[in-house]
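The structure appears below as C-alpha cells.
Labels below follow one simple rule: chain letters A, B, ... track the order of the sequence lines, proteins then strands, and each chain is numbered from 1. Values below: all heavy atoms of this structure, side chains included; hydrogens, waters and symmetry mates excluded.
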Number of protein chains: 2
Amino acid sequence: MNLKELARKLDLSPTTVSRALNGYPEVNEATRERVAAAARRYNYKPNTRAIRLATGRAMAVGHVIPLATRHEIVNPVFADFIAGAGEVYSRNGYDMLLSVVPDDNEERVYRELKSRGTVDGVILHAPRMEDPRIPLLVELDIPFVVHGRATGTTLPYSWVDVNNRRAFQRATEFLLDLGHRRIALINGLEFMDFALRRRRGYEDALTARGLTADPAIMVSEEMTETAGYRAALHMLALDQRPTAAIVSSMIMAMGVRRGFEERGLRVGRDVSIIIHDDELSYLRNGDDVPIFTATRSSVREAGRQAADMLISLITGKVTGPQELLLEAELIIGQSTGPFTG
Amino acid sequence: MNLKELARKLDLSPTTVSRALNGYPEVNEATRERVAAAARRYNYKPNTRAIRLATGRAMAVGHVIPLATRHEIVNPVFADFIAGAGEVYSRNGYDMLLSVVPDDNEERVYRELKSRGTVDGVILHAPRMEDPRIPLLVELDIPFVVHGRATGTTLPYSWVDVNNRRAFQRATEFLLDLGHRRIALINGLEFMDFALRRRRGYEDALTARGLTADPAIMVSEEMTETAGYRAALHMLALDQRPTAAIVSSMIMAMGVRRGFEERGLRVGRDVSIIIHDDELSYLRNGDDVPIFTATRSSVREAGRQAADMLISLITGKVTGPQELLLEAELIIGQSTGPFTG
DNA sequence: AATCATTTTCAAACCGCTTTGAATGGCTCC
DNA sequence: GGAGCCATTCAAAGCGGTTTGAAAATGATT
C-alpha cells in the first residue's frame, strides 16, 4: 500500500493525502479524518526511502565506532550510551546508524557519510587531545555532538561531557581527608581526553595540599580488568606502596581489587579504592549500599542529552555550538576507609 | 555533485555514467575509464537515498535491542556482537540500524520496519523459549537470523548459536572429574534460551554420573556482578555448601568471586569456578594464563557469522533456513582445582 | 448576480538514482 | 550496397513520496 494507491481508494489526489497525513493546515478537517481513517484501515506507512529522497533529509543519526586497530577494544560504556541516545532518537523518528570502523580510515567514513547523505548528523565518540575529527566534521559541515571534549581544539563545537576533572579532584580530596597521602591513580590511556582531565583533577587536588603527584604510582592503561590487576601488582611491588587508589573504571577496579586481595589486602580496610562509575546497566555498583566509593555519572543520561542536543542542532531548533557539562556525584561506598598507620 | 551533473560534464547520458560506475558490461572500456576518472576527480558518490528508492533495497540491516522495561539492562555481550557484525556489514556496503525499543512494543517496531522498508533484514537478539518474534518475522516475510535459538519453536528459521548445552555439560564433567560432587549452577534468567540449554547440559552431565541436580544450589538470575555476589553468599549460607560452581558469565563470576573471597574462601583452592567466556574485548579472561577456567566462544565471531548469513539470505545467495552451531572450547585456568576433603 | 477573497483540492515537477526499450553507428557478409 | 549483427549510447519511465503553483469550490460582499 502506497500513497498513490491510498489516494485512489479515497478518490483524492496524492497531494491532499500527503498533506492530510502530515498535518498541513490547508486541508479540510473532515477530509483529514477520512484520510487518517483509511490510512489506519489499510495500514499505510509512508515509505522511508521515498520520504528521504523527497525531503533530502536522512532522518538518521550516525555513530561511528572506531575500532582500535591494535587492540580491538569496544568501549564498554558504549552500549549504555547508545541505549540512552536510542531512546531519544525513537521518540523523534530518527534512525540510529552504527558504523564500526577500523580507526585508521575513520576520515573516509565521515566523508562518505556526508557525500552520500546517509545521515543528518553524527555523534563523535571517545575524543582525544586535538582530535582531528573535529575540524574534519566542521569542514564537512555535518551537525555533530562530541561525547566528551578535546583538549587543545580551538574551534568551537558542541559537546556533552562529565566534569571529569572536578570528579577526580573531589575523589582525591576525599582520600586526603581520610588521611591518605600516597594515593595511586590508575587511569585510562591518557591520550583519551577524559583520562587527561581526570589526571589533572587528581594532580590539582594534590598540589592544593602541597603534595606532588608521584609518577611511580600513576598508571595509564587500557581500562580492562587485567590492566587493573597488573597495576595493583605493580603498586604492591613498590617499597613505598600506596594506601589508596583512584581507578578510572569499574571494570578496571575489579582487576585492581583482585590484585590487592590476592596479596592478602582487604579493600576498604587495608587499602582504599575510589572508582568512577558510569552506571552501566550490567555492572551496577551494588544495589543499596555501593560496593565502591565512586564518582558517579550516568553514561546513559549523557547519551540522552547528546542525542537531544544533536537533534536540536539538526532541526535548527538551536544554532551554534552547544555545551553541556554534567557533574558527577561522589557517593560513599564500602571501599574506602581512614588511613591506618 | 550528482549523477546528472557528472553526466553533463562528461557529455554523456546519466544512463551510461550510472552503468559505467556500476560495472555493467555494455559500456565501452575507454568510456568507463573516463567516467571513473571524472567521478574520482569530482569526488562523486551516488546518493544513498536515491539508490535506495530506485532499487527498492534498503541496503541496511536492523538490530532491534529490546530494553527490558523492568530492569533496563543492556546486554553486555551486545557491543562485541555488534562489532563483529559491523565489520561484515561495512565490507558488504550495508548499514547497520539500531533500534532500542522497550520490549513491550517490539512487535510494532518490526511491523514498521517492514512496511516502511527501512531495512532488508534483521538480527534477532536474545531469543526466549517459544519466542513470539520468530513467527512474527516469518509472517512479515523479513529475512532474519537469530543469535541463539528458541526452544519450542517448530517453524524453521535461520540461526547462529553456541553449543551451550554441550559447553556446560563438559564444564560439569570436568569438575566431576576433579572429584567435585556438589557443583552449583549460577545461571542467567532461564526464560532466556541459552540459559535453559546450559542448565540442560549441566543436568545431563550430573545424571550421566548418577547424580541429581539439587535445586538448592542452582540459581537463575540476571547476569550482573551483584547477582553473582548474592548467589555466592546464598551458597555459603547452606549447610551443605557447594565446592564448585559453574557461572554463566564473566561479570557474574566476578561477583561470585567477591562473595567467596569476602568470606575467606580462595577461588581455585577452596572453591572451583568455571565460567562461560564470551571473549568480550574489554573483559578478557587474563592474557596468557586464563584467570578462570572457562568454556570459551567468541561472541564477536558469532556476530560476524550471523551478519554473513543474513546478507546471504538477503541477496538470495542461499535460500531456506540456515543453521550454524559453534562449539565452545574448554580452557583451563586458575580457578579450578581438585576436590579437597 | 457579479466580484472577490478564502478555503480546499489537484496536476505536475522534483528528489537522484536505476533500468527498460529503443536508437545510433560501425562492421561484416553476401 | 543493403541486410544483419554487435557494441554503445541514450531518452524516458519508473521508485514513492513532497512541494509548488494553479484550479476549483465555497462563502462573503456589494
Side-chain angles (χ1 to χ4, degrees), chain A residues 1-36 38-39 42-60 93-95 112-120 315, chain B residues 1-36 38-39 42-60 93-95 112-120 315:
Chain A
M1 171 63 60
N2 57 20
L3 185 65
K4 210 190 287 183
E5 207 174 328
L6 185 66
R8 205 162 25 230
K9 284 208 193 292
L10 282 161
D11 210 14
L12 283 171
S13 71
T15 311
T16 305
V17 175
S18 168
R19 289 194 162 141
L21 292 173
N22 289 316
Y24 281 74
E26 62 270 60
V27 45
N28 191 314
E29 271 314 314
T31 313
R32 190 193 303 283
E33 268 315 308
R34 211 157 62 83
V35 171
Y42 296 109
N43 188 32
Y44 167 73
K45 293 274 188 303
N47 182 300
T48 323
R49 298 193 289 267
I51 292 183
R52 286 176 177 166
L53 180 56
T55 59
R57 286 171 302 157
M59 291 309 285
Y94 278 77
D95 280 338
E112 289 216 353
L113 244 33
K114 172 68 182 188
S115 54
R116 313 188 86 109
T118 331
V119 300
D120 296 321
T315 56
Chain B
M1 173 62 60
N2 57 21
L3 185 64
K4 209 191 287 183
E5 208 175 328
L6 185 66
R8 207 163 22 228
K9 284 207 194 293
L10 282 162
D11 210 13
L12 283 171
S13 72
T15 309
T16 305
V17 176
S18 167
R19 287 195 163 141
L21 293 173
N22 290 317
Y24 281 73
E26 61 269 62
V27 45
N28 190 313
E29 270 315 312
T31 313
R32 191 194 303 281
E33 268 314 309
R34 214 157 60 83
V35 171
Y42 296 109
N43 188 34
Y44 167 72
K45 293 274 187 304
N47 183 299
T48 324
R49 299 192 288 267
I51 293 182
R52 287 175 176 167
L53 180 57
T55 59
R57 285 171 304 157
M59 290 309 284
Y94 278 77
D95 281 337
E112 289 217 353
L113 245 33
K114 173 68 181 186
S115 53
R116 314 187 85 109
T118 329
V119 300
D120 296 321
T315 57

Taking A:A54's backbone N and O only, do any of them form a donor-acceptor pair with B:R49's side chain (distance below 3.5 Å, no angle check)?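 No, because the side chain of B:R49 does not come within donor-acceptor range (under 3.5 Å) of the backbone of A:A54.
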So do B:R34 and B:L10 actually touch side chain to side chain, heavy atoms under 4.5 Å?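 The answer is yes, as the side chains (C-beta and beyond) meet within the 4.5 Å cut-off.
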Give the nucleotide from the list [options] with an atom nearest to the side chain of [X].
X	options	answer
A:E26	D:dG17, D:dT8, C:dT8	C:dT8
A:L3	D:dG17, D:dT9, C:dT8	D:dG17
B:S18	C:dC10, C:dT19, D:dT8	C:dT19
B:Y44	C:dC17, C:dT19, C:dT9	C:dC17

Nearest heavy atom decides the nucleotide; on that basis, is A:T55 or B:T31 closer to the 5' end of DNA chain D?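 Comparing both residues, the 5'-ward one is B:T31.
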Euclidean distance, atom [atom1] of residue [X] to atom [atom2] of [N] [Å, nearest integer]:
X	N	atom1	atom2	result
A:E29	C:dT8	CD	P	9 Å
B:L21	C:dC17	CG	P	10 Å
B:M1	C:dG16	CE	P	12 Å
A:N47	C:dC15	CG	P	19 Å

With respect to B:R52, which candidate in B:N47, B:T118, B:D95 satisfies the side chain to side chain donor-acceptor pair (under 3.5 Å) definition?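 Of all the options given, the one that passes is B:D95.
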Closer to the 5' end of DNA chain C via nearest nucleotide, is it A:T15 or A:L53?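 Its nearest nucleotide being more 5', the pick is A:T15.
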Reading DNA chain C from 5' onward, which residue's closest nucleotide shows up sooner: B:T16 or B:R49?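 Whichever sits nearer the 5' end wins; that is B:R49.
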Using a heavy-atom cut-off of 4.0 Å across all strands, would you classify B:I51 as base, sugar-phosphate, or nothing?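 Since only primed, P, OP1 and OP2 atoms lie under 4.0 Å of B:I51, the category is sugar-phosphate.
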So how far is it from B:N22 CG to B:I51 CD1, rounded to the nearest 0.5 Å?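 It is 7.0 Å, given to the nearest 0.5 Å.
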